[in-house]
Asker: 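Below are the structure tokens for one structure; questions will follow.
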Amino acid sequence: MEEQDQMQSSIEVEELEEQQQREGKRLEEENVVRFLDSLDSYVTLLDSLSSTLRQGWLELASARQSMGASRINGALLDLKFHSAATSLQVTHHDDEILNQPHFTLCKWASSKNGYGDEKLRENKLQTNSDGPQLRHRSQFAGTPEKIPETKGAPLIVDDQVQKERTKSLSMFGTLVSPKLRAAQLSFETALETLVEIANVRLTMLSTSDQVRKELEGTEG
Amino acid sequence: MHLSATEYGPYLQNEPSPLHTTTIVEKCTLKLVEDYKHMLCQATEPLSTFLEYITYGHMIDNVVLIVTGTLHERDVQELLEKCHPLGMFDSIATLAVAQNMRELYRLVLVDTPLAPYFSECITSEDLDDMNIEIMRNTLYKAYLEDFYRFCQKLGGATAEIMSDLLSFEADRRAVNISINSIGTELTRDDRKKLYSNFGLLHPYGHEELAVCEDIDQVRGVMEKYPPYQSIFSKLSYGESQMLDKAFYEEEVKRLCLAFEQQFHYGVFFAYMRLREQEIRNLMWISECVAQNQKSRVHDSVVFIF
């Protein structure tokens with residue numbers, strides 16, 4: 001009787017071990033798949049960035065052809081101090097699983113207009129952390145800026161974004177060619193892609209570390 | 001390599017490799033300026049005045065470049081290097097000290113050929129991006145009208161050919177102002193004030209262009225005028241990218257026709273404009289080569305003759 005009980009419990013233990021092994025293997029495979037997915041996204045995004053930048057540079061050359069070299073040249077860039085139109089936010093996740101920073105682009109945010117928060121929510125690179133440590137990196141600002149909360153209709157936000165775009169192009173004049181505006185949009189898209197690449201790269205490196213650890217554990 | 005076999009060759013032969021687009025344009029422009037000065041020094045009145053009129057457009061561009069660059073706190077020397085050589089005048093560097101248009105006029109421009117064109121835009125308002133843009137277009141409008149009147153006074157074949165070429169220029173500017181001001185803060189009244197008082201589109205076309213809100217409305221206005229119908233027929237709806245090339249092609253066609261007649265000054269204007277188009281072509285080709293996008297060369301190259 002006792003022998004039968006022992007056999008039963010050893011069978012149960014074996015089954016439990018097999019189940020754990022299967023679970024472990026499934027997790028390994030999931031990590032490998034996640035790594036390969038992130039690698040694929042990374043390569044695709046790099047390709048997309050390259051073609052967007054090529055398009056942007058050609059559109060800029062085309063705008064120069066249209067408006068004239070005296071209207072589009074580096075000597076017209078504004079050297080006066082002004083706040084950044086676009087900034088990068090770095091958030092840290094404190095949990096053990098996603099222990100990596102996350103980059104978010106805050107496009108056309110302006111403390112005067114106060115719709116930067118709305119733009120953040122509309123941005124596809126959303127963070128979903130609870131009480132993250134916020135680091136705000138801005139191109140020109142010495143101290144971090146606070147983005148005030150605002151609630152506006154999407155149309156009002158689009159209108160403000162358009163105004164900010166026009167304002168940043170105004171160094172070349174207020175009546176600029178549509179080609180210059182197209183170049184601006186291309187470089188804006190390239191900037192978004194760059195931030196996406198940074199996030200995907202972090203994911204890729206993180207999953208690569210996990211896969212390597214699992215392989216080392218298996219070999220050990 | 002290909003340019004070495006042309007008259008631009010001597011201007012580029014001493015430049016170190018790799019050649020940048022800006023270097024090619026700068027040296028080709030230098031050649032153009034020397035050819036222009038050669039014509040000017042041998043010209044008598046009224047041809048010499050006619051030739052000087054051709055440079056006033058570049059003068060306006062240079063004035064605006066200096067004023068804009070100064071507003072952006074750029075070094076004056078750096079700005080002077082970017083000015084077009086055909087539009088240089090003695091006191092151009094003094095433009096940097098002016099705070100408003102009244103000072104611009106009083107300190108510098110009163111002694112230049114642009115002085116008569118300032119009567120319509122002298123204000124005491126500080127110079128900002130919008131005022132500078134309005135100043136640029138107002139000056140150019142006054143210049144075109146003055147040039148037109150001068151050619152009419154010359155009469156004969158010069159008046160006939162130049163009125164066609166300048167009317168086309170005025171109409172093209174009206175279209176570009178309309179398209180470029182879509183979505184900006186420029187009001188309809190201000191937009192209308194920037195259109196010239198001559199040309200095929202004056203006055204009814206201008207009334208309609210002033211209220212256009214998108215490229216398709218501009219197209220609707222222009223297609224009522226047969227000479228411009230052919231230009232807009234090359235474009236698909238909503239597209240404005242190829243409009244510049246279409247206008248350049250039409251301009252080149254008209255400039256080439258100027259050589260069909262004899263004993264008029266229009267050939268000098270046509271020669272200078274065609275040389276500028278040639279330099280634009282070289283600029284575009286060298287940009288496409290530099291960016292490794294040779295398949296896009298035909299997007300903006302306009303064939304001459």
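Side-chain atoms are counted along with the backbone in the values below, which use heavy atoms only and exclude waters and symmetry mates. Residue numbers start from 1 in every chain, and the chains themselves are labelled A, B, ... in the order their sequence lines are given, proteins ahead of strands.
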Asker: Go through the atoms of A:Arg64 and report whether side chain, backbone, both or neither lie under 4.5 Å from a heavy atom of chain B.
Answerer: both

Asker: Could you look at B:Asn292 and say if it's the side chain, the backbone, both or neither that has a heavy atom under 4.5 Å from chain A?
Answerer: both

Asker: Can you find a heavy atom in the side chain of B:Leu282 that is under 4.5 Å from one in the side chain of B:Val25?
Answerer: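 No, their side chains stay 4.5 Å or more apart.
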
Asker: Are there residues of residues 62-71 of chain B that reach to under 4.5 Å of chain A by heavy atoms, and which ones?
Answerer: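 Result: B:Leu65, B:Thr68, B:Gly69, B:Leu71.
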
Asker: Need one label for A:Arg181: side chain, backbone, both or neither, based on atoms under 4.5 Å from any heavy atom in chain B.
Answerer: side chain

Asker: Heavy-atom distance under 4.5 Å to chain A: side chain of B:Arg280, backbone, both or neither?
Answerer: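 It is both, since atoms from each part get that close.
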
Asker: Residues in side-chain hydrogen bond (donor to acceptor under 3.5 Å, both in side chains) with B:His206, at least two apart?
Answerer: none

Asker: Measuring only between side-chain heavy atoms, which start at C-beta, is A:His102 closer than 4.5 Å to A:Asn199?
Answerer: yes

Asker: Walk me through whether B:Tyr11 and B:Tyr8 qualify under ring-ring contact (aromatic ring centres under 6.0 Å, His included).
Answerer: CA-CA 5 Å; B:Tyr11 293 82; B:Tyr8 295 120; 7.5 Å; no

Asker: Determine the option with the most heavy-atom pairs under 4.5 angstrom with chain B, choosing from A:Ala182, A:Ser177, A:Gly173.
Answerer: A:Ser177

Asker: With a 4.5 angstrom heavy-atom cut-off, which part of B:Tyr248 approaches chain A: side chain, backbone, both or neither?
Answerer: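 Only the side chain of B:Tyr248 comes within 4.5 Å of chain A.
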
Asker: Does a side-chain heavy-atom distance below 4.5 Å link B:Leu274 with B:Glu278?
Answerer: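 B:Leu274 does not reach B:Glu278 side chain to side chain.
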
Asker: Chain A heavy atoms under 4.5 Å from B:Glu287: which part of the residue, side chain, backbone, both or neither?
Answerer: side chain

Asker: Is there side-chain contact between A:Glu192 and A:Lys107, with heavy atoms separated by less than 4.5 Å?
Answerer: yes

Asker: Is there side-chain contact between B:Phe269 and B:Leu255, with at least one heavy-atom pair below 4.5 Å?
Answerer: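 When only atoms from C-beta onward are counted, B:Leu255 and B:Phe269 do touch, with a gap below 4.5 Å.
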
Asker: What part of B:Thr22 is in contact with chain A, defined as an atom under 4.5 angstrom from a non-hydrogen atom: side chain, backbone, both or neither?
Answerer: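 Only the side chain of B:Thr22 comes within 4.5 Å of chain A.
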
Asker: Any side-chain donor paired with an acceptor under 3.5 Å for A:Ser186 and A:Glu59?
Answerer: yes

Asker: Among the options B:His58, B:Glu81, B:Glu78, B:Met130, pick out the one with the most heavy-atom pairs lying under 4.5 Å from chain A.
Answerer: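 Top option by heavy-atom pairs under 4.5 Å: B:Met130.
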
Asker: Evaluate the side-chain proximity of A:Pro101 to A:Leu202: yes if any heavy-atom separation is below 4.5 Å, no if none is.
Answerer: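 When only atoms from C-beta onward are counted, A:Pro101 and A:Leu202 do touch, with a gap below 4.5 Å.
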
Asker: After noting the C-alpha distance and the side-chain angles of B:Glu15 and B:Thr23, does the key distance pass the side chain to side chain donor-acceptor pair (under 3.5 Å) rule?
Answerer: CA-CA 8 Å; B:Glu15 292 301 315; B:Thr23 309; 5.1 Å; no

Asker: As an exercise: rank A:Thr166, A:Thr174, A:Leu180 by heavy-atom pairs under 4.5 Å with chain B and give me the winner.
Answerer: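 Among A:Thr166, A:Thr174, A:Leu180, the one with the most close pairs to chain B is A:Thr174.
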
Asker: Heavy-atom distances under 4.5 Å only: say whether A:Leu77 touches chain B with side chain, backbone, both or neither.
Answerer: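 Answer is both: backbone and side chain atoms of A:Leu77 are under 4.5 Å from chain B.
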
Asker: For a 4.5 angstrom cut-off between non-hydrogen side-chain atoms, does B:Val175 reach B:Leu243?
Answerer: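 Sidechains of B:Leu243 and B:Val175: in contact.
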
Asker: Is it the backbone or the side chain of B:Thr184 that comes under 4.5 Å from a heavy atom of chain A, or both, or neither?
Answerer: side chain

Asker: Do B:Arg173 and B:Leu144 make a side-chain contact, defined as non-hydrogen atoms from C-beta onward lying under 4.5 Å apart?
Answerer: yes

